[in-house]
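Here is how names work: the chains are called A, B, and so on, in the same order as the sequence lines, proteins then strands, and each is numbered from 1.
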There are 2 protein chains.
Amino acid sequence: MIDRIQRLTAYRRSLELLQSAGILSVTSPLLAESSGTSASVVRKDFSSFGLQGKRRGGYAIADLLTGISAILEGVSRQGVILVGCGNLGQALLHYKGFSEGGLAITAAFDTDPARTNPRGRPPVHPLDKLERILAESGASIAIIAVPDHAAQKTLETLAAHGIRGVLNFAPVHLHAPAGVHVRNVNLEMELESVAWLASLPRSAEHLERKDS
Amino acid sequence: MIDRIQRLTAYRRSLELLQSAGILSVTSPLLAESSGTSASVVRKDFSSFGLQGKRRGGYAIADLLTGISAILEGVSRQGVILVGCGNLGQALLHYKGFSEGGLAITAAFDTDPARTNPRGRPPVHPLDKLERILAESGASIAIIAVPDHAAQKTLETLAAHGIRGVLNFAPVHLHAPAGVHVRNVNLEMELESVAWLASLPRSAEHLERKDS
DNA sequence: TAGATTGTTAATCGATTAACAATC
DNA sequence: TAGATTGTTAATCGATTAACAATC
């Protein structure tokens with residue numbers, strides 16, 4: 001299910017591109033091509049969300065976009081905060097891509113006074129303001145971009161103050177309190193796996209998918 | 001297979017933490033706990049790479065680390081370049097986490113003269129120096145952090161100059177030339193899926209895994 | 001009508017989990 | 001020895017792919 005939701009984001013992006021190119025409808029093979037999946041998956045995804053096409057002309061892009069927005073309705077109304085404004089955190093704080101889906105970082109936090117700026121957009125507060133700001137803003141999603149050793153503690157603090165979903169960039173496994181969803185983005189892991197694929201001799205490329 | 005390689009990176013991280021805590025050996029359940037997987041997977045991974053434990057005492061951490069290094073040997077000797085030094089690119093350029101596995105960005109590129117700095121560490125060159133620098137350095141891995149519309153073109157240029165693996169941060173599906181491996185990191189997708197999970201009422205949490 | 005494309009079902013595939021015999 | 005833990009095999013699970021009947 002989570003895979004379907006993720007693909008929905010990809011579909012939306014592709015559909016917007018197609019729409020701004022003046023195209024009104026897509027077939028499943030075309031959308032699959034544009035979003036990097038297969039026609040079967042596209043049809044199954046849409047069918048499972050009740051998004052219907054025409055047996056002849058494919059799917060109406062406007063309808064799909066409306067439908068996807070409706071499905072992700074509850075998602076984009078949630079506030080997002082960021083904890084840790086170091087190298088990576090700073091970049092995430094100003095990352096434009098998040099807002100595509102309507103999500104936006106409303107506040108950030110850091111322990112280092114040199115990094116705080118309560119008048120910034122978004123504002124960067126000292127960590128001890130977390131409880132207050134969280135109570136005011138009602139954010140339910142957090143991004144963790146703190147040093148490894150601080151990540152678990154940060155998660156627990158966030159959970160204690162009502163955060164229900166966390167995107168964690170610290171390359172450590174976090175133990176999530178009940179009711180809190182943690183998703184990890186491990187950049188080293190991603191780069192390393194690409195490097196591994198690239199290091200394979202062409203003759204061994206069957207290893208990519210198959211087991212052992 | 002790619003999953004195994006990814007987990008290898010996670011195991012290494014956990015093993016280093018355990019080792020620096022003075023621990024000499026781990027059992028599969030313990031390592032699983034620390035790296036966020038299951039004991040079965042740990043044992044199967046190790047067994048598939050020929051990493052052996054003792055039927056009684058578990059796995060010797062030093063041996064595992066040596067073994068993992070050997071497996072990832074060819075991986076870490078490859079040079080990495082970065083294309084696109086905007087908001088996200090700048091952060092990746094100075095991201096410490098990559099070097100854990102021995103990978104390091106040796107040079108970066110940007111079309112904007114205001115962002116170039118050939119004397120930086122790592123240096124940031126204008127894009128038209130790509131061919132020359134790539135020929136000199138022999139890098140085979142690239143990170144793409146350019147605006148969406150420039151990503152496909154960038155990929156093709158990189159492929160033409162010998163890049164064999166790409167980590168792409170642009171949220172668009174890229175068509176990879178033969179022999180080039182592309183892996184996508186889509187930050188919006190990740191955040192959106194966490195937000196979706198968090199938006200579920202507790203009663204619907206069975207949707208997380210199961211189909212429809 | 002004939003043809004294209006959906007929506008859905010069945011087949012395939014791979015990955016994870018469970019279980020347990022081997023053994024240190 | 002008895003007990004703990006590996007290494008491996010079999011069972012389960014879910015996701016993807018293939019195929020095709022329904023139908024616009």
Side-chain angles (χ1 to χ4, degrees), chain A residues 1-8 10-11 15 18 23-64 67-68 71 173 184 189 193 197 205-212, chain B residues 1-8 10-11 15 18 23-64 67-68 71 173 184 189 193 197 205-212:
Chain A
M1 194 58 191
I2 188 84
D3 315 71
R4 287 202 205 286
I5 296 291
Q6 293 221 350
R7 284 194 297 262
L8 232 39
Y11 296 149
L15 290 167
L18 291 167
I23 297 173
L24 297 178
S25 65
V26 274
T27 60
S28 55
L30 182 66
L31 184 55
E33 168 82 2
S34 155
S35 53
T37 180
S38 75
S40 279
V41 167
V42 168
R43 292 201 297 276
K44 231 180 180 188
D45 284 346
F46 287 172
S47 149
S48 86
F49 287 122
L51 300 170
Q52 296 184 349
K54 293 224 164 67
R55 298 267 172 174
R56 188 68 196 283
Y59 299 84
I61 291 182
D63 292 357
L64 287 177
I68 292 175
I71 293 159
H173 172 70
N184 298 292
M189 206 182 249
S193 68
L197 286 171
E205 297 200 343
H206 62 280
L207 283 177
E208 286 164 42
R209 302 226 121 255
K210 284 276 167 85
D211 200 64
S212 134
Chain B
M1 195 59 193
I2 188 83
D3 315 71
R4 287 202 205 287
I5 296 291
Q6 293 221 350
R7 284 194 297 263
L8 231 40
Y11 297 149
L15 290 167
L18 291 166
I23 297 173
L24 298 178
S25 65
V26 274
T27 61
S28 55
L30 182 65
L31 184 56
E33 167 82 3
S34 155
S35 54
T37 182
S38 74
S40 280
V41 167
V42 168
R43 291 202 297 276
K44 230 180 181 187
D45 284 346
F46 286 171
S47 146
S48 85
F49 287 122
L51 300 170
Q52 296 183 348
K54 293 223 165 69
R55 297 269 172 172
R56 187 66 196 283
Y59 299 85
I61 291 182
D63 292 356
L64 287 177
I68 292 174
I71 293 159
H173 172 70
N184 297 292
M189 206 182 248
S193 67
L197 286 171
E205 296 200 343
H206 62 279
L207 283 176
E208 286 165 42
R209 303 226 122 254
K210 286 276 168 85
D211 200 61
S212 145

- Message: Checking Arg7(B) now: which residues fulfil salt bridge (charged side-chain N to carboxylate O under 4.0 Å, His left out) with it, not counting sequence neighbours?
- Response: Asp45(B)
- Item | Spacing between Asp63(B) atom CG and dT6(D) atom P, to the nearest angstrom | 14 Å
- For Ile23(B), look at atom CD1 and say whether over 12 heavy atoms of other residues, nucleotides or ligands are found less than 6.0 Å away. yes
- Message: Taking 4.0 Å as the cut-off, does a side-chain nitrogen or oxygen of Ser28(A) come that near to OP1 or OP2 on dT6(C)?
- Response: yes
- What is the distance, rounded to the nearest whole Å, between atom CG of Leu30(B) and atom P of dT5(D)? 10 Å
- Note on the structure: Atom CZ of Arg4(A) and atom C1' of dT16(D) are separated, to the nearest Å, by 10 Å
- May I have the distance from Leu64(A) (atom CG) to dT6(C) (atom C1'), rounded to whole angstrom? 13 Å
Polar atoms only, N or O, under 3.5 Å: list the protein pairs with nucleotides 8-12 of chain C and their distances.
from	atom 1	to	atom 2	distance (Å)
dT8(C)	OP2	Ser47(A)	OG	3.0

- Go through Val42(A) and Val26(A) one step at a time and tell me if the side chain to side chain contact (heavy atoms under 4.5 Å, CB included) criterion holds. CA-CA 11 Å; Val42(A) 168; Val26(A) 274; over 6 Å; no
Side-chain atoms of residues 30-40 of chain A: list all donor-acceptor pairs with protein atoms under 3.5 Å, sequence neighbours left out, distances to 0.1 Å.
from	atom 1	to	atom 2	distance (Å)
Ser34(A)	OG	Ser14(A)	OG	2.9
Ser35(A)	OG	Leu31(A)	O	2.6
Ser38(A)	OG	Val41(A)	N	3.3

Just distance, no hydrogens or angles: give the donor-acceptor pairs under 3.5 Å from side chains in residues 51-62 of chain B, sequence neighbours left out.
none

- Item | Axis bend over the full length of the helix from dG3(C)-dC24(D) to dC24(C)-dG3(D), computed from five pairs that close each end, to 10 degrees | 10°
- Query: In whole angstroms, how far is the P atom of dA15(C) from the CD1 atom of Ile5(B)?
  - Reply: 13 Å
- Message: Could you tell me how far apart Asp3(A) (CG) and dA15(C) (C1') are, to the nearest whole angstrom?
- Response: 13 Å
- Message: Quick check on contacts: within residues 53-60 of chain A, what sits under 4.0 Å from DNA chain C by heavy-atom distance?
- Response: Gly53(A), Lys54(A), Arg55(A), Arg56(A), Gly58(A), Tyr59(A)
- Rounded to the nearest 0.5 Å, how far apart are CD1 of Ile5(A) and CD1 of Ile68(A)? 10.0 Å
- Nearest-angstrom distance from the residue atom CD of Gln52(B) to C1' of dC24(C): 13 Å
- What integer distance in Å separates Phe46(B):CZ from dT16(C):C1'? 17 Å
